[in-house]
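Have a look at the structure below before the remarks.
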Amino acid sequence: MPRQRRRKSSTGFYHVIAKGINREKIFNQTREKNYLKKILKNHLQEEKVEIYAYCIMSNHVHLIIKSELAALAVFMAKCLAQYAEYYNYKHNRNGHVFQNRFKSECIETERYFWNCVRYIHLNPMKGNNENSYLQYKHSSIREYRLLKTDLLHKNALDIFQRKFEEWEDVVNFHNKKQYVVVDDVIEELNLQKQKIAMNILEQMKIEKNLSKIEEIIEEKELREEYKERLINKMRISNAKSEELYLFVKRTIISE
């Protein structure tokens, strides 16, 4: 089956994801994360590529890149090939390091750009500690906080400072409930959708002035309205709405 041709972004912005093969933790050590940053930084000098956000997790990496599509492909091919060589030599292994090709999703609007930034920065968030992402050392949130660029392009800081006047505004923005699904690996996409479904449920509870969210599940009229909201807000099918509703129902009943 031929590879699907990459779509060209009208804005030049792309959300890029590269993940380890078989969910392998290819960036598990701090020095491995640092080495990937070093590779990315070195190749930025060769290609006309600008980085606006990033987060290096143990088994995948997120980037927001502004570039021509051809330059993006060359940049990522060089970076991933160099890292794969390093990783294989270090761990005395052979074969593929990354799962298929890197993913690239077009970012066509400013709203979606900031949703992607927020999602990428929140990737390392642990449990219920909503501010844990602020201490993560391998994402662009640190560069934005210090207003010093390492991997980030200087234009990234410019648009960041135009949007946020105070650091408190940054934190409040990141802590907002999200209702937009950001492209990711399949497992993360499902988790995003489930979280958004719960957010919509909580929002509906507040709007209806209900004492407990269980009332939405128990009362037919409220239940049907909730499913309709899932369809409209998330732009999903009736079947997907029913699937998410059943997940929410199971979650609430088990609590």
Side-chain angles (χ1 to χ4, degrees), residues 9 11-19 27 33 37 40 50-67 102-203 230 233-236 244:
S9 168
T11 64
F13 282 98
Y14 298 88
H15 176 201
V16 174
I17 309 161
K19 61 177 181 174
F27 310 118
K33 293 181 178 72
K37 285 182 67 176
L40 292 168
E50 301 173 1
I51 294 179
Y52 283 72
Y54 66 89
C55 184
I56 306 171
M57 301 297 290
S58 61
N59 64 356
H60 66 283
V61 57
H62 287 275
L63 301 158
I64 291 180
I65 289 177
K66 185 177 183 183
S67 170
F102 68 92
K103 291 183 67 176
S104 61
E105 184 198 20
C106 300
I107 299 176
E108 301 289 7
T109 66
E110 182 179 355
R111 179 171 178 261
Y112 192 61
F113 170 86
W114 288 112
N115 275 314
C116 286
V117 169
R118 176 169 54 201
Y119 177 73
I120 288 171
H121 286 162
L122 292 180
N123 245 238
M125 193 166 69
K126 297 178 181 178
N128 294 320
N129 183 358
E130 65 178 14
N131 289 328
S132 58
Y133 69 94
L134 295 171
Q135 283 75 50
Y136 194 66
K137 296 180 180 179
H138 309 288
S139 85
S140 48
I141 195 70
R142 288 172 64 86
E143 294 187 42
Y144 281 122
R145 189 169 195 170
L146 298 172
L147 296 179
K148 292 182 179 179
T149 60
D150 184 19
L151 279 183
L152 292 181
H153 192 272
K154 61 180 180 63
N155 289 343
L157 291 189
D158 291 341
I159 64 172
F160 188 81
Q161 289 179 288
R162 286 199 297 270
K163 183 172 179 64
F164 304 107
E165 293 185 5
E166 305 289 341
W167 181 250
E168 184 180 355
D169 299 331
V170 178
V171 176
N172 289 338
F173 167 76
H174 281 80
N175 290 346
K176 278 172 55 178
K177 291 187 184 297
Q178 188 155 317
Y179 295 95
V180 176
V181 176
V182 175
D183 194 33
D184 202 338
V185 296
I186 292 174
E187 298 87 350
E188 292 295 328
L189 279 172
N190 290 333
L191 289 174
Q192 279 189 72
K193 290 173 182 176
Q194 291 167 0
K195 187 172 182 179
I196 291 172
M198 293 298 294
N199 288 344
I200 293 172
L201 187 75
E202 291 171 6
Q203 183 184 44
L230 291 177
K233 280 183 172 288
M234 300 179 68
R235 298 180 182 179
I236 56 177
L244 284 171

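For reference, positions follow the sequence shown, starting with 1.
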May I ask you to decide if [Y]'s main-chain N or O and [X]'s side chain share a donor-acceptor pair within less than 3.5 Å?
X	Y	value
Lys66	Phe13	no
Asn175	Asn172	no
Glu50	His153	no
Tyr14	Ser67	no
Ser104	Val16	no

*Flag if over 12 foreign heavy atoms under 6.0 Å of NZ, Lys137*: no
_Could you check whether atom CD of Glu110 has more than 12 heavy atoms from other residues, nucleotides or ligands sitting under 6.0 Å from it?_
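Result for CD/Glu110: open.
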pair [X]-[Y]: side-chain heavy atoms closer than 4.5 Å:
X	Y	value
Val170	Arg145	no
Ile159	Tyr52	yes
Ile141	Ile120	no
Phe27	Asn59	no
Tyr54	His138	no
Lys103	His60	no
Trp167	Val171	yes

What distance separates [X] [atom1] from [Y] [atom2], expressed to the nearest 0.5 Å?
X	Y	atom1	atom2	result
Leu40	Ile65	CG	CD1	7.5 Å
His15	Tyr112	NE2	OH	7.0 Å
Leu244	Leu201	CG	CG	11.5 Å
Arg142	Tyr136	CZ	OH	11.0 Å
Thr149	Lys154	OG1	NZ	9.5 Å
His174	Asp169	NE2	CG	12.0 Å

To check you understand the geometry: which heavy-atom pair defines the closest contact between [X] and [Y], and what is its length?
X	Y	value
Ile107	Cys116	CD1-SG, 4.1 Å
Ile51	Ala156	O-CB, 4.1 Å
Glu143	Leu152	OE1-N, 3.2 Å
Asp150	Lys37	OD2-NZ, 3.5 Å
Pro124	Cys55	CG-SG, 3.7 Å
His62	Ile17	ND1-CG1, 3.7 Å

*Will you find, in the side chains of Tyr133 and Gln135, an N or O donor that is under 3.5 Å from an N or O acceptor?*
no
_side-chain contact (heavy atoms from CB on, under 4.5 Å), that's the test. Do Asn123 and Tyr119 meet it? Break it down for me._
CA-CA 6 Å; Asn123 245 238; Tyr119 177 73; 3.5 Å; yes
_Quick check with a 6.0 Å cut-off and a 45 degree axis cone: is Arg118 positioned over the face of Phe173's six-membered ring?_
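Yes, Arg118 sits over the ring of Phe173.
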*ring-ring contact (aromatic ring centres under 6.0 Å, His included) with Tyr144: which residues, sequence neighbours excluded?*
His121, Phe160
*List the steps and the verdict of ring pair (Phe, Tyr, Trp, His ring centres under 6.0 Å) for Phe164 and Trp114.*
CA-CA 12 Å; Phe164 304 107; Trp114 288 112; 5.6 Å; yes
